Amino acid sequence: PCTKKFKDLKEGDFLGLRGPFGRGFTPSENGLLIGGGIGIAPLRFLAHLLKREKMKPELLFGVNSSSDLIFNAHYQGSPRCTLVSRDDSFPNQGFVTDFIEEIVEKRKIAKIFSAGPEGMLIKVREIAIRSGIPYELSLERYMKCGLGICGQCCLDGSGLRLCVEGPVLAEKEISQITELGKPHRKASGKRASTPRNF
C-alpha cells in the first residue's frame with residue numbers, strides 16, 4: 001500500500017519521513033559483503049562507506065537473474081565483486097552461499113556482513129561459524145511503531161526489538177534468537193502457521 005501511494009504523488013505534494021531507526025553495520029577492514037536479492041541495497045551503502053574509509057571489501061551478490069540485480073552497472077566488471085544468478089545470466093550459477101568458502105580461502109576475510117532472505121542468512125551464519133569469522137546479519141520482521149514500544153518486531157529467545165537493537169545484529173545477539181527460520185509474525189502479531197519457503 002505504501003509503494004502504491006508513492007506512485008500517486010505529484011510534484012509539490014508533501015511526504016513525511018521518520019528515521020533512521022535502529023542500528024546498522026559496523027564498518028571493518030577486509031569485510032565480505034554477502035547480499036541476496038533486495039538485500040543488496042543496504043550492503044551498497046556499506047560498500048560506499050567502506051570505500052570512503054579507504055577499505056576494500058569483497059562483494060558477493062546473488063539474484064535469480066541478471067535483470068534482478070539492482071545498480072547492475074555499478075558491479076559489472078568489478079574485480080572485487082562476485083555475481084551469482086540462479087539462471088545462466090551470470091558465469092557463476094547457483095546460490096551465493098555456494099561461493100562463500102572459496103572466497104574465504106582465497107582472501108583474508110576478517111568479518112562477514114550479510115542481508116537477504118532469512119534462509120540465506122542462516123546458511124551464511126553456519127559458514128561463518130565454521131570458518132571462525134565474526135559476522136553481522138541484517139534481519140527483517142514486520143515493524144509497526146519503529147520506536148520499540150509495540151513489541152511487534154521482538155525476537156523470540158532474546159526479546160531484542162529489531163527496530164531498536166537491530167535490524168543489524170552481531171553474532172552474540174543472534175545466538176540468543178530461537179525463531180530463525182520459523183514463520184514470521186503477521187500484522188496481527190500472530191505467527192503464521194505454515195513455514196516460510198527457504
Side-chain angles (χ1 to χ4, degrees), residues 1-25 33-49 59-76 78 81 83-90 95-97 113-124 136-156 158-169 174 177 179-198:
C2 182
T3 308
K4 287 178 183 172
K5 285 286 186 188
F6 282 151
K7 289 171 62 178
D8 295 335
L9 292 173
K10 297 173 186 65
E11 187 174 339
D13 287 348
F14 287 95
L15 179 67
L17 296 174
R18 296 187 306 153
F21 298 121
R23 187 177 62 188
F25 292 104
L33 282 55
I34 305 169
I38 203 64
I40 293 168
L43 293 172
R44 182 172 188 257
F45 289 107
L46 177 60
H48 282 298
L49 173 64
L59 309 177
L60 174 58
F61 293 155
V63 288
N64 285 327
S65 178
S66 61
S67 61
D68 298 327
L69 181 64
I70 55 175
F71 313 112
N72 194 325
H74 184 80
Y75 302 115
Q76 288 283 11
S78 171
C81 182
L83 300 175
V84 182
S85 63
R86 297 284 305 280
D87 63 11
D88 60 357
S89 56
F90 286 135
F95 296 99
V96 287
T97 50
F113 305 92
S114 191
E118 193 157 309
M120 182 199 87
L121 295 177
I122 291 169
K123 198 83 164 129
V124 167
E136 289 183 358
L137 307 179
S138 180
L139 300 180
E140 183 181 348
R141 292 295 185 274
Y142 189 90
M143 297 184 194
K144 287 184 178 176
C145 73
L147 301 170
I149 297 170
C150 73
Q152 178 70 42
C153 64
C154 284
L155 299 168
D156 290 354
S158 68
L160 291 169
R161 300 161 299 172
L162 212 53
C163 70
V164 176
E165 287 89 21
V168 175
L169 300 174
I174 292 170
I177 300 168
E179 67 174 72
L180 286 179
K182 292 183 180 176
H184 296 177
R185 288 187 184 87
K186 299 180 179 180
S188 66
K190 183 179 179 182
R191 192 178 296 284
S193 57
T194 54
R196 289 169 60 90
N197 183 16
F198 294 127

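These numbers come from a predicted model, not from an experiment.
Under a cut-off of 6.0 angstrom, the local environment of CD in Glu165 is crowded, with over 12 non-hydrogen atoms contributed by other residues, nucleotides or ligands. By the neighbour-count criterion of 12 heavy atoms within 6.0 Å, atom NZ of Lys186 is sparsely surrounded, having that number or fewer from other residues, nucleotides or ligands. Environment of CZ in Phe21: crowded, with over 12 heavy atoms of neighbouring residues, nucleotides or ligands closer than 6.0 Å.
Between the Glu118 side chain and the Gly181 main chain, a donor and an acceptor come within less than 3.5 Å of each other. Side chain of Asp8 to backbone of Lys5: no donor-acceptor contact under 3.5 angstrom is found.
To the nearest 0.5 Å, atoms OG (Ser158) and CD1 (Ile174) are separated by 10.0 Å. In this structure, OG on Ser89 lies 8.0 Å from CG on Asp68, to the nearest 0.5 angstrom. Between the CZ atom in Phe25 and the CG atom in Leu33 there is a gap of 7.0 Å [rounded to 0.5 Å]. Note that CG of Leu46 is 9.0 Å distant from CG of Leu59, once rounded to the nearest 0.5 Å. Between Ile70 atom CD1 and Ile38 atom CD1 the span is 4.0 Å, to the nearest 0.5 Å. Rounded to the nearest 0.5 Å, atoms CG (Leu162) and CE (Met143) are 4.0 Å apart.
Between Ile177 and Leu139 there is a side-chain heavy-atom pair separated by less than 4.5 Å. Side-chain contact check for Phe6 versus Leu15: some heavy-atom pair is nearer than 4.5 Å. At a threshold of 4.5 Å between non-hydrogen side-chain atoms, the residues Thr97 and Val124 count as touching. You'll find the side chain of Cys153 reaches within 4.5 Å of the side chain of Cys163, heavy atoms only. By the 4.5 Å heavy-atom criterion applied to side chains, Leu137 and Ser114 are counted as neighbours.
Of all non-hydrogen atoms in Arg161 and Cys154, the two that sit nearest each other are CG-SG, 3.6 Å. For the pair Ser65 and Asp87, the tightest heavy-atom approach, listed with the atom from each and the gap, is OG-OD2, 2.8 Å. Looking at every heavy atom in both residues, Val96 comes nearest to Gly35 through CG1-O, 3.9 Å. Of all non-hydrogen atoms in Ala115 and Gly39, the two that sit nearest each other are CB-O, 3.4 Å.
Judged as a side chain to side chain contact (heavy atoms under 4.5 Å, CB included), and not counting sequence neighbours, the contacts of Cys145 are Leu147, Ile149, Cys150. Among residues two or more places apart in sequence or in another chain, the side chain to side chain contact (heavy atoms under 4.5 Å, CB included) test is passed with Thr3 by none.
The side chain to side chain contact (heavy atoms under 4.5 Å, CB included) test with Phe61 is passed by exactly one of Ile34, Leu43, Val84: Leu43.
Ion pair Arg185/Asp156 flagged as a salt bridge, since at least one NZ, NE, NH1 or NH2 atom sits closer than 4.0 Å to an Asp/Glu carboxylate oxygen.
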*Begin from the C-alpha positions of Phe90 and Val63 and carry the test side-chain contact (heavy atoms from CB on, under 4.5 Å) through to its verdict.*
CA-CA 10 Å; Phe90 286 135; Val63 288; 3.9 Å; yes
_Arg23 and Glu136: CA distance, side-chain angles, deciding distance, salt bridge (charged side-chain N to carboxylate O under 4.0 Å, His left out) verdict_ = CA-CA 11 Å; Arg23 187 177 62 188; Glu136 289 183 358; over 6 Å; no
